[in-house]
Trainee: 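Let me begin by handing over the structure; questions about it come next.
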Amino acid sequence: MPELPEVETVRRGLEPAMVGARLSAIEQRRPDLRFPFPERFAERLTGRRVEALSRRAKYLVAELDSDDALIMHLGMSGRFRVERDGEAAQLGEFHHEHGRESAHDHVVFRLTNGATVTYNDTRRFGFMDLVPRAGLAGCRHFAGMGLEPLGNALSGETIARLFAGKRTPLKAALLDQRLIAGLGNIYVCEALFRASLDPRAPAGSLADAAGGPTGQAELLAGVIRDVLVEAIDAGGSTLRDHAQTDGSLGYFQHAFRVYDREGEPCPVCAAPVRRIVQSGRSTFYCETCQA
DNA sequence: AAGCGAACCTGGCTGC
DNA sequence: TGCAGCCAGGTTCGCT
């Protein structure tokens, strides 16, 4: 479930269960996810207090009262589940019509406050790593990462500077985490629709001859911020969920204007939403409005 | 160098 | 009912 709004939603759900508590026991049920777990993973976590839980782009960062920070990425299908006092609370679209899915529970964190946090990841594209707290920004995962789209750094000017001279399609440039970090397929499609921009247009078209921002660049910066904020407020997007809704599920998917709406009428002009493939990923857009 | 496609892995859905 | 094929919120690698 994981673009920036979903990861931020998970962070907010985990924070009260984890921050300030100590990790009393760690169950690591397999040697790897997308990558091998770091050396002595469970030992380095056990007994540590979680001092802060933050987010950078699509990554979660738990700072420990040691020299380590625990970095977690959810990949495509990673979820966390929090249980307390025997009464389960769900984070993300987790449950299954036949009860709790556990075959893909890969890591269980038990905390001194009575909470149990379980990481489940069907496809195992997620990963966890331990990096030195000092120099987090320069660690292998964050060095070279682009700017935070919700930070003050995102503006028409920065978009123009990052995209100037690029002939790659706008869609691909917005997905490039080295430029802007945190957007994924859904929110790129939604932002391009809101800005009435053609996903196939060259990224460089958002910069003027001097490398300055066009009006389109200014507009795009604004709608990226809007769509992310709205999605976070809605608790993110929950896809492919076959269980009953219980309030912990995101509902931004109902607000999609084009994503996953191939053939449905464009909410502005009623022309059918198109699906094309760009660098191997589906792009949903309105041929009429986004020209 | 940039820009594709494929790969990683599992499961759900569609269509024959 | 079975089965093949396609698709999925991400990232990384390797080949033009």
Side-chain angles (χ1 to χ4, degrees), chain A residues 1-10 30-36 55-60 71-80 91-98 101-106 119-129 140-146 149 162-191 199-204 227-228 231-232 234-243 249-256 258-263 275-284:
Chain A
M1 58 175 305
E3 296 182 39
L4 187 155
E6 291 73 36
V7 177
E8 177 60 23
T9 299
V10 169
R30 46 177 303 129
D32 55 58
L33 294 170
R34 181 183 177 91
F35 306 116
R55 177 191 58 71
R56 171 77 171 97
K58 302 172 191 173
Y59 295 73
L60 291 168
I71 294 194
M72 299 175 279
H73 193 287
L74 303 176
M76 292 280 265
S77 56
R79 286 115 220 245
F80 281 98
L91 282 183
E93 79 273 37
F94 188 72
H95 27 211
H96 223 259
E97 49 195 327
H98 300 306
E101 181 59 61
S102 64
H104 301 290
D105 287 354
H106 304 307
Y119 179 70
N120 177 289
D121 189 348
T122 308
R123 295 175 72 183
R124 302 200 304 277
F125 287 166
F127 63 86
M128 296 190 187
D129 197 8
R140 86 194 82 153
H141 303 108
F142 297 159
M145 177 171 285
L162 291 168
F163 289 7
K166 293 195 185 302
R167 272 173 299 180
T168 194
L170 259 181
K171 168 82 184 306
L174 288 167
L175 284 175
D176 187 340
Q177 306 293 300
R178 297 167 302 182
L179 302 176
I180 299 171
L183 302 177
N185 208 31
I186 292 175
Y187 298 104
V188 166
C189 289
E190 293 296 307
R200 302 162 298 179
V227 74
L228 294 178
I232 291 170
S237 303
T238 302
L239 273 55
R240 285 171 273 293
D241 169 48
H242 305 290
L249 302 179
Y251 50 91
F252 190 75
Q253 64 277 12
H254 304 301
F256 292 166
V258 288
Y259 183 81
D260 207 20
R261 296 200 182 282
E262 181 182 15
R275 183 178 85 95
I276 59 173
V277 175
Q278 292 181 287
S279 45
R281 324 259 336 249
S282 288
T283 297
F284 299 90

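The sequence lines fix the lettering, A, B, ..., with proteins before strands; numbering per chain opens at 1. Just so it is clear, the structure is predicted and the values come from calculations on it, not from any experiment.
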Trainee: Given atom CD of A:Glu262 and atom C1' of C:dC6, what is their separation to the nearest angstrom?
Mentor: 13 Å
Trainee: Quote, to the nearest angstrom, the C1' distance that separates B:dC8 from C:dC3.
Mentor: 24 Å
Trainee: Name the nucleic acid region contacted by A:Arg275, choosing base, sugar-phosphate or nothing; use a 4.0 angstrom heavy-atom cut-off, strictly under.
Mentor: sugar-phosphate
Trainee: For A:Ser237, is there any backbone N or O sitting under 3.5 Å from a side-chain donor or acceptor partner on A:Glu6?
Mentor: yes
Trainee: From the set C:dG9, B:dG11, C:dT11, return the single nucleotide nearest to any side-chain atom of A:Lys58.
Mentor: C:dT11
Trainee: Separation of A:Arg261 atom CZ from C:dC7 atom P, in whole Å?
Mentor: 20 Å
Trainee: Taking only residues two or more places apart in sequence, or in another chain, which ones meet A:Arg34 in a salt bridge (charged side-chain N to carboxylate O under 4.0 Å, His left out)?
Mentor: none
Trainee: Rounded to whole angstrom units, what separation is found between the CG atom of A:Leu175 and the P atom of B:dA2?
Mentor: 17 Å
Trainee: Rounding to a whole Å, what distance do you find between A:Arg200:CZ and B:dG3:P?
Mentor: 17 Å
Trainee: On a whole-Å scale, what distance lies between the P atoms belonging to C:dG5 and B:dA6?
Mentor: 16 Å
Trainee: Taking the minimum atom-to-atom distance to the side chain of A:Pro2, which one of B:dT10, C:dG9, B:dC4 wins?
Mentor: C:dG9
Trainee: Kindly express the pairing pattern of DNA chain C in dot-bracket notation, using | wherever a base pairs with another strand and counting only Watson-Crick or G-U pairs under 3.5 Å.
Mentor: .|||||||.|||||||
Trainee: Are A:Tyr59 and A:Phe142 an aromatic pair by the rule of ring centers under 6.0 Å?
Mentor: yes
Trainee: Just the rounded figure in Å: distance from P of C:dT11 to CZ of A:Phe127.
Mentor: 8 Å
Trainee: Does A:Ser282 have a side-chain nitrogen or oxygen under 4.0 Å from the phosphate oxygens OP1 or OP2 of C:dA8?
Mentor: yes
Trainee: Given atom CZ of A:Arg123 and atom P of B:dT10, what is their separation to the nearest angstrom?
Mentor: 10 Å
Trainee: Is there a donor-acceptor pair under 3.5 Å between the side chain of A:Glu190 and the backbone N or O of A:Val258?
Mentor: yes
Trainee: Of the options C:dA8, B:dC9, B:dG3, whose atoms approach the side-chain atoms of A:Arg167 most closely?
Mentor: B:dG3
Trainee: For A:Ile186 and A:Leu239: C-alpha separation, side-chain torsions, deciding distance, then whether side chain to side chain contact (heavy atoms under 4.5 Å, CB included) applies.
Mentor: CA-CA 11 Å; A:Ile186 292 175; A:Leu239 273 55; 4.2 Å; yes
Trainee: Should the ring pair A:Tyr187 and A:Phe252 be called parallel, tilted or perpendicular, given that the plane angle runs from 0 to 90° and is split at 30 and 60?
Mentor: tilted
Trainee: Using a cut-off of 4.0 Å on non-hydrogen atoms, how would the nucleic acid contact of A:Arg34 be classed: base, sugar-phosphate, or nothing?
Mentor: base
Trainee: Nearest to the side chain of A:Ser237 - C:dT12, C:dG9, B:dG11?
Mentor: C:dG9
Trainee: Using atom P of each nucleotide, how far apart are B:dC13 and C:dG9 to the nearest Å?
Mentor: 16 Å
Trainee: Would you confirm whether A:Arg261, through its side chain, and A:Phe284, through its main-chain N or O, come within 3.5 Å as a donor-acceptor pair?
Mentor: no
Trainee: If you compare every side-chain N and O of A:Arg281 against the phosphate oxygens of C:dC7 (OP1, OP2), does one of them come in below 4.0 Å?
Mentor: no
Trainee: Would you please determine if the base of B:dC8 is stacked by A:Phe125, with stacking meaning a centroid separation under 5.5 angstrom and planes under 30 degrees?
Mentor: yes
Trainee: Looking only at atom types and distance, does a side-chain atom of A:Gln278 sit under 3.5 Å from a main-chain N or O of A:Pro199, one as donor and one as acceptor?
Mentor: yes
Trainee: Measure from CZ on A:Phe256 to P on C:dA8 and round the result to the nearest Å.
Mentor: 13 Å
Trainee: Please report the distance, rounded to the nearest Å, between NE2 in A:His141 and P in C:dT11.
Mentor: 11 Å
Trainee: In terms of side-chain heavy atoms of A:Thr168, which of B:dC9, B:dG3, C:dG9 is nearest?
Mentor: B:dG3
Trainee: Answer yes or no: does a side-chain N or O of A:Tyr59 lie under 4.0 Å from OP1 or OP2 of C:dG10?
Mentor: no
Trainee: Indicate whether OP1 or OP2 belonging to B:dT10 is found under 4.0 Å from a side-chain N or O atom of A:His104.
Mentor: no
